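Here the structure comes first, spelled out in structure tokens, and everything after it is commentary.
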Amino acid sequence: MYIYDSVQKTKREFIPQESGKVSLYVCGPTVYDDAHLGHAKSALVFDLLSRVLKANGYEVVYARNITDIDDKIIKKAQESGKEIKEITDFYTNAFHEEMGKLGVIRPTIEPKATESLEAMFALIQKLLDNKHAYKTSQGDIYFDTSSDSQYLKLSHRIQDENEKKQRVESSLEKKNSADFALWKSVKDGSISFESSFGKGRPGWHLECSAMIEKHLAKPNQKFAVDIHGGGADLLFPHHENEAAQTRCATNHALAAYWMHNGFVNIEGEKMSKSIGNSFFLKDALKIYDGEVLRFYLLSTHYRSNFNFNEEDLLSSKKRLDKIYRLKKRLFGLSFENVKTSFQNALLETLSDDLNISASLALIDEMISHANETLDTAGKHKELKHDTLSNLAYIEEILGFGVKNPYKYFQFGVDEETKRKIDMLIKQRDEAKKAKDFASSDALRNDILAYGVNLMDTPQGTFWEKI
RNA sequence: GGUGCCAUCGCCAAGUGGUAAGGCCGCAGCCUGCAAAGCUGCUAUCCCCAGUUCAAAUCUGGGUGGCACCUCCA
């Protein structure tokens, strides 16, 4: 398996620290608002990674955190008069429900910040003890970036001297402009936690380092985790700071491989909370089947920026439709699961830094070949076993084609409309039997008015929502 | 301003030194009562200029045009 390491900026062969086992940590959501398409992209990319690692025979421990301590959550609580937990539980549940619709498998562990406070305190104490952190007169604790010779090596940055001065002047208690808070002291009555450093709240960057130490790091290993992932925007400052904390507080580096997924733009514009053009996943799921979104969001290489627009989504949906049509052709047949060269080839392309485009090309070719053979030699038994095994493999490794193929094509059609369509199809069948093609074509047009396509097959007439 | 990424057919998009995958759209044909679906066939020399090389979309230099990060953000 090969992975592009965004810190070394090169594709590297993946070799885990412990043979056969992989630890993967991905920065998860801060649960103060609905998930948008960017959260979906990140979750999907690392879901795919975890599946591909498993398909390669690795035992994967995948941790994705839930940030449930954050100033924005507190602000929302104060504005709405709700309890913190009420808000974080609500958005955590919504996140899980929506990701479930995308076919994202739950990670092995989903640690919460509120459950990891002791681990954070321990890290802060270590950093204070070994002089990598300092306390201000206000009771805040900062990481001293000048104490870490490796700082900025991760994100390949150069400290701007002018900027450095300006920032330090504006915040006199910070030793260096880049110093970041490990602990924010809370003086007023707002939400805070008790610690040996007084009342306060932990800094955001600390959370991931602490959770990794608590759940994934093993003694005497060079790296706390094998792979650390997240959105491209997290490389700096978030990951830089995480890495600094971990290497200064412990005897290991944070991650052996770093993976960053590209951004999702909407109609060419950056999706941003400040611009207010976020496309929420819950809204997208009202319009499109979750699996259509999964397929579309995964259809481009994970490192590229992704421009979300309806036209591309629909053309990508047609590709997924082909998987389902083939599935429909072989629906209900039992089969022996066999290993095919297609499956080996698919795993190989996916194992090359998740080369999804090459993988989809293989799938399209497999489908064409299967359809062609079914057209000409419909009772080819071996082909059916192979094809059904291939489809099952695609389901397992990519999560495409997991639904009932008939239900898939009925997305967004209510029960009453379905009954009407079925009734019209019956009438049309009768007209067809009577060779009354004028009536049958008229009925087909009536059905088309529901946005539904008909297809006559030897097994009967089926319909698909367009 | 600093740092970095990218530029391949109408659209989406692989390929990163050996002579351009795949999908969508379009056209022609097979199949069909007609369709739909499916199948077959057809459609690019890779932003521009210069260089390295037997050989470049792929490497180097310059240019042009996009984009990202540098502030919370997946």
Side-chain angles (χ1 to χ4, degrees), chain A residues 6 9 11 26-30 32-33 35-46 64 67 70-72 75 152 155-163 167 178 204 229-238 240 260-265 268-275 278 296 299-307 309 311-322 325-326 328-329 349 352 355-365 367-376 409 432 435-438 440-441 444-445 447-448 452-457 461-464 466:
Chain A
S6 41
K9 297 189 183 195
K11 205 190 272 186
V26 176
C27 293
T30 301
Y32 72 104
D33 204 353
H36 57 229
L37 294 173
H39 293 106
K41 171 88 181 175
S42 176
L44 284 165
V45 163
F46 292 104
R64 183 184 59 206
T67 300
D70 182 88
D71 288 354
K72 291 185 288 290
K75 193 177 165 213
L152 297 182
S155 56
H156 306 283
R157 257 153 223 288
I158 297 160
Q159 190 82 45
D160 185 304
E161 291 300 320
N162 292 327
E163 191 181 296
R167 294 259 186 103
W204 174 46
D233 55 332
L234 295 180
L235 180 55
F236 186 86
H238 187 50
E240 186 72 60
H260 291 93
N261 65 275
F263 256 60
V264 178
N265 297 326
E269 252 195 279
K270 187 193 166 179
M271 182 165 47
S272 153
K273 274 154 201 168
S274 48
I275 299 172
S278 295
Y296 176 47
S299 68
T300 296
H301 189 81
Y302 76 91
R303 275 188 278 123
S304 306
N305 281 339
F306 190 93
N307 186 26
N309 68 80
E311 191 192 338
D312 292 348
L313 181 145
L314 292 175
S315 76
S316 118
K317 176 184 180 296
K318 289 180 182 170
R319 230 173 164 175
L320 178 61
D321 288 351
K322 295 204 300 185
R325 290 209 186 95
L326 179 58
K328 213 157 69 165
R329 265 186 109 160
T349 54
D352 181 14
N355 188 338
I356 192 76
S357 291
S359 306
L360 292 180
L362 286 172
I363 291 175
D364 284 320
E365 280 158 15
I367 292 173
S368 287
H369 174 251
N371 275 321
E372 187 187 0
T373 315
L374 287 168
D375 281 350
T376 53
F409 285 111
K432 270 179 62 182
K435 305 248 187 237
D436 179 2
F437 295 122
S440 78
D441 288 352
R444 183 166 59 202
N445 278 333
I447 294 167
L448 192 64
V452 165
N453 248 345
L454 290 189
M455 29 212 19
D456 296 326
T457 76
T461 300
F462 299 108
W463 61 270
E464 292 182 358
I466 296 165

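All of these numbers come straight from a predicted model, not from anything done at the bench. When reading the values below, keep in mind they use all heavy atoms of this one structure, side chains included, and skip hydrogens, waters and symmetry mates.
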Quiz item: B:rA28 pairs with which nucleotide, Watson-Crick or G-U wobble, both distances below 3.5 Å?
Solution: B:rU40
Self-check item: Phosphate OP1/OP2 of B:rC39: any A:Thr373 side-chain N/O under 4.0 Å
Solution: no
Self-check item: Length of the CZ-C1' vector between A:Arg319 and B:rA14, whole Å
Solution: 10 Å
Practice problem: For nucleotides B:rG66 and B:rA57, find the distance between their P atoms and express it as a whole number of Å. | Solution: 26 Å
Quiz item: Is any NZ, NE, NH1 or NH2 atom of the basic residue among A:Arg157 and A:Glu240 found under 4.0 Å from an Asp or Glu carboxylate oxygen of the other?
Solution: no
Practice problem: Please state whether the base of B:rA74 and the side chain of A:His260 form at least one donor-acceptor pair under 3.5 Å? | Solution: no
Practice problem: Run the salt-bridge test on A:Lys75 and A:Asp71 with the 4.0 Å N-O cut-off and return the result as yes or no. | Solution: no
Quiz item: Hey, is A:Asp352 close enough to A:Lys11 for a salt bridge, meaning N to O under 4.0 Å?
Solution: yes
Quiz item: Whole Å only: how far is the CG atom of A:Leu37 from the P atom of B:rA74?
Solution: 13 Å
Quiz item: Can you check whether A:Arg325 has a side-chain N or O nearer than 4.0 Å to OP1 or OP2 of B:rG38?
Solution: yes
Quiz prompt | OP1 or OP2 of B:rA37 under 4.0 Å from side-chain N/O of A:Asn371 | solution = no
Quiz prompt | Watson-Crick/G-U partner (both atom distances under 3.5 Å) of B:rA68 | solution = B:rU3
Quiz item: Do NZ/NE/NH1/NH2 and the carboxylate oxygens of A:Arg444 and A:Asp441 come within less than 4.0 Å?
Solution: yes
Quiz item: If you measure from the C1' atom in B:rG51 to the same atom in B:rU3, how many Å do you get, rounded?
Solution: 28 Å
